[in-house]
Trainee: 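Below is a structure I'd like to ask you about.
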Protein chains: 2
Amino acid sequence: MKHKGKTNPPGRIKIMKSFSLLMSQKDFHSITTSEIAKNAKVTEGLIYKYFKDKKDLLYQVLNKHFVTFQTKIESRIAKENSCIKQLEIIIFSSLESYADNRIFSRILLLEVRNSLGFFDSGAYEMIQKYSRTILEIIKKGIMKKELRSDIDPLILRKVILGAIEHACLGEIIFSRQLDIDKVSTGITNIIFNGAKA
Amino acid sequence: MKHKGKTNPPGRIKIMKSFSLLMSQKDFHSITTSEIAKNAKVTEGLIYKYFKDKKDLLYQVLNKHFVTFQTKIESRIAKENSCIKQLEIIIFSSLESYADNRIFSRILLLEVRNSLGFFDSGAYEMIQKYSRTILEIIKKGIMKKELRSDIDPLILRKVILGAIEHACLGEIIFSRQLDIDKVSTGITNIIFNGAKA
DNA sequence: CAAAACAGTAAGTAACACTTACTCAAAAAA
DNA sequence: TTTTTTGAGTAAGTGTTACTTACTGTTTTG
């Protein structure tokens, strides 16, 4: 008998919590199903009642984190109407979110991208939404002549997203601290004003 | 009896070739040791004579690719003496290399970063070297007043590396084609001239 | 020419992700 | 009220996996 997802029983919640905790201590692959079950005080078989497999459990935990992030960002953007300011907010908020929530960041930047299954998950849909938001702001910025008309919106998005992700990568991998303000203004300075003298 | 790395016997070569081939077909985790051995026509145990574990095999294959990449880039840079041009060459060459060698790119961008062991490997030393080269060019560029003096060299490097990596990521994951010239000039245009109108 | 070192094999083993077949209790239907 | 269905949870597996151990022959070398 499989679970249809209509209820949210205690066992399911315990499994997700147990897994979240373990993810803060070690990487995905070194977490075992028996460990998850033992920690959650349920049997191993129950995991497979609520989750298709171990990866599905990962995606669902990630999705939960992502929903809160997305709503936070959207409410912040709404308060500004300059496109450049909105992009600055996105850069700052993303860096802040990565720095504040390292487990979630590690999952997103290092653990899920290598399996194609992720790109069919609900968590990936959230990323696409976030990514689309950025693209729309860029396009509006070009229309409003805040941004140069000869830049390719898709490439600008790549530069922004790449800069954000790479800025956090080292700090996440080696558990270093990140100076959000400095990095955030540094990135926006380069991207909007250019590095050339 | 363990292997000291002083010779390069046929079995070792066959294992690396078999693994490389499999990496072009599926992701690291779904490749099994028995599959590698069967494909290489050796026994499974032999893998562990030449490689510490499955991941060590991955790192060594990656390292081999990386050495050729690094020497290629360095010879190209030597021909230019404007710092901005040198950075443009690095951006272009990196994109080209990622596009031309997708197996290697997938390993680097998606498969190795999530295990700390990688950062002790020889392959990682090569990345550091490449990364240091970029930083030195930036610093020289600031000194020669080609680049603005108020930009942080470390952050500019992050933006450059992030842009390069993110530009390839989607195309590698979904096996799409990459227009190197367009993306390369697009990135340099934004980073050096700025996106602001 | 003996001894060490090397290339390679055969046969394991513990641990792992995942499955099957089952109980028990509560809610729905009769 | 009794019967049936459904959901939460368990117990005991299974095949496969990465990795190990103990062993052959074959070169190389002191």
Side-chain angles (χ1 to χ4, degrees), chain A residues 1-23 25-62 107 111-112 114-118 121, chain B residues 1-23 25-62 107 111-112 114-118 121:
Chain A
M1 198 54 37
K2 263 217 166 170
H3 184 71
K4 303 288 193 300
K6 284 168 187 174
T7 56
N8 201 13
R12 202 189 114 98
I13 296 163
K14 280 194 278 179
I15 289 165
M16 286 184 91
K17 281 198 176 158
S18 162
F19 179 74
S20 281
L21 180 71
L22 287 165
M23 275 302 284
Q25 293 159 2
K26 47 172 102 172
D27 68 302
F28 177 69
H29 200 68
S30 45
I31 297 170
T32 64
T33 46
S34 81
E35 207 175 359
I36 297 165
K38 205 176 146 192
N39 212 288
K41 284 174 184 114
V42 295
T43 51
E44 231 178 303
L46 194 63
I47 296 171
Y48 295 90
K49 280 274 141 65
Y50 302 125
F51 306 95
K52 204 178 128 275
D53 50 29
K54 222 181 101 185
K55 271 183 181 159
D56 184 41
L57 172 56
L58 176 70
Y59 302 151
Q60 292 200 33
V61 167
L62 183 64
I107 302 177
E111 313 261 15
V112 295
N114 51 19
S115 40
L116 278 167
F118 168 66
S121 74
Chain B
M1 198 51 41
K2 262 216 169 172
H3 184 72
K4 301 288 193 302
K6 285 168 188 172
T7 55
N8 201 12
R12 202 188 114 98
I13 296 163
K14 280 195 277 179
I15 289 164
M16 288 185 87
K17 281 199 176 157
S18 163
F19 179 73
S20 281
L21 180 71
L22 286 165
M23 276 301 285
Q25 293 159 3
K26 46 172 103 175
D27 69 303
F28 178 69
H29 199 68
S30 45
I31 295 169
T32 66
T33 47
S34 82
E35 206 175 1
I36 297 165
K38 204 175 146 195
N39 212 288
K41 284 174 184 116
V42 296
T43 51
E44 232 177 303
L46 194 63
I47 296 171
Y48 296 90
K49 280 275 140 65
Y50 302 124
F51 306 95
K52 208 179 125 272
D53 50 30
K54 218 180 105 186
K55 271 183 180 158
D56 184 40
L57 172 57
L58 177 69
Y59 302 150
Q60 292 200 33
V61 167
L62 184 63
I107 301 177
E111 312 262 17
V112 295
N114 51 19
S115 41
L116 279 167
F118 168 65
S121 74

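In what follows, chains carry the letters A, B, and so on, assigned in the order in which the sequence lines appear, proteins first and then strands, with residues in each chain numbered from 1.
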Trainee: Under 4.0 angstrom, heavy atoms only, what part of the nucleic acid is T32(A) near: base, sugar-phosphate, or nothing?
Mentor: sugar-phosphate
Trainee: In this structure, how many angstroms lie between the P atom of dA7(C) and the CD1 atom of I47(B), rounded?
Mentor: 16 Å
Trainee: Taking atom types as they are modelled, would you say the side chain of K49(A) forms a donor-acceptor pair with the base of dG7(D) within the 3.5 Å cutoff?
Mentor: no
Trainee: For dG9(D), does OP1 or OP2 lie under 4.0 Å from any side-chain N or O of T43(A)?
Mentor: no
Trainee: Name the residue closer to the 5' end of DNA chain C, choosing between L46(B) and S34(A) according to the nucleotide with the nearest heavy atom.
Mentor: L46(B)
Trainee: Would K55(A) pass as a cation-pi partner of F118(A), given that its NZ or CZ must be under 6.0 Å from the six-membered ring centre and within 45 degrees of the axis?
Mentor: no
Trainee: Using the side chain to side chain contact (heavy atoms under 4.5 Å, CB included) rule, take N114(B) and D27(A) through it: C-alpha gap first, then chi angles, then the decisive distance, then the call.
Mentor: CA-CA 8 Å; N114(B) 51 19; D27(A) 68 302; 5.5 Å; no
Trainee: Return the nearest nucleotide to the side chain of P10(B); candidates are dC16(C), dG9(D), dG8(C).
Mentor: dG8(C)
Trainee: Any idea which of dC18(C), dC19(D), dA7(C) is nearest the P9(B) side chain?
Mentor: dA7(C)
Trainee: Within the 4.0 Å heavy-atom criterion, would you say I31(A) contacts the bases, only the backbone, or no part of the nucleic acid?
Mentor: sugar-phosphate
Trainee: Q60(A) versus Y50(A): any side-chain heavy-atom pair under 4.5 Å?
Mentor: no
Trainee: At what distance, to the nearest 0.5 angstrom, does CG of L46(B) lie from CZ of F51(B)?
Mentor: 9.0 Å
Trainee: Rounding to a whole Å, what distance do you find between I13(B):CD1 and dA7(C):P?
Mentor: 11 Å
Trainee: Would you kindly give the CG-to-C1' distance between D53(A) and dC16(C), to the nearest whole Å?
Mentor: 14 Å
Trainee: Rounded off to whole Å, could you give me the CG-to-P distance for the N8(A) and dG7(D) pair?
Mentor: 14 Å
Trainee: Would you mind classifying the nucleic acid contact of G11(A) as base, sugar-phosphate or nothing, using non-hydrogen atoms under 4.0 angstrom?
Mentor: sugar-phosphate
Trainee: May I have the distance from F28(A) (atom CZ) to dA17(C) (atom C1'), rounded to whole angstrom?
Mentor: 10 Å
Trainee: Between P on dA17(C) and NZ on K52(A), what's the gap in Å once rounded to a whole number?
Mentor: 15 Å
Trainee: Under 4.0 Å between a side-chain N/O of Y50(A) and OP1 or OP2 of dG9(D), yes or no?
Mentor: yes
Trainee: In terms of side-chain heavy atoms of K54(A), which of dC19(D), dC18(C), dT10(D) is nearest?
Mentor: dC18(C)
Trainee: In whole angstroms, how far is the C1' atom of dA18(D) from the CG atom of L58(B)?
Mentor: 15 Å
Trainee: Looking only at the side chain of E44(A) (C-beta and beyond, no hydrogens), which of the listed nucleotides dC16(C), dT10(D), dC18(C) gets closest?
Mentor: dC18(C)
Trainee: Tell me whether the OP1 or OP2 atom of dT20(D) has a side-chain N or O from Y48(B) closer than 4.0 Å.
Mentor: no
Trainee: Answer yes or no: is there a side-chain heavy-atom contact under 4.5 Å between M23(B) and E111(B)?
Mentor: yes
Trainee: Find the distance E35(B):CD to dG15(D):P and express it as a whole number of Å.
Mentor: 20 Å
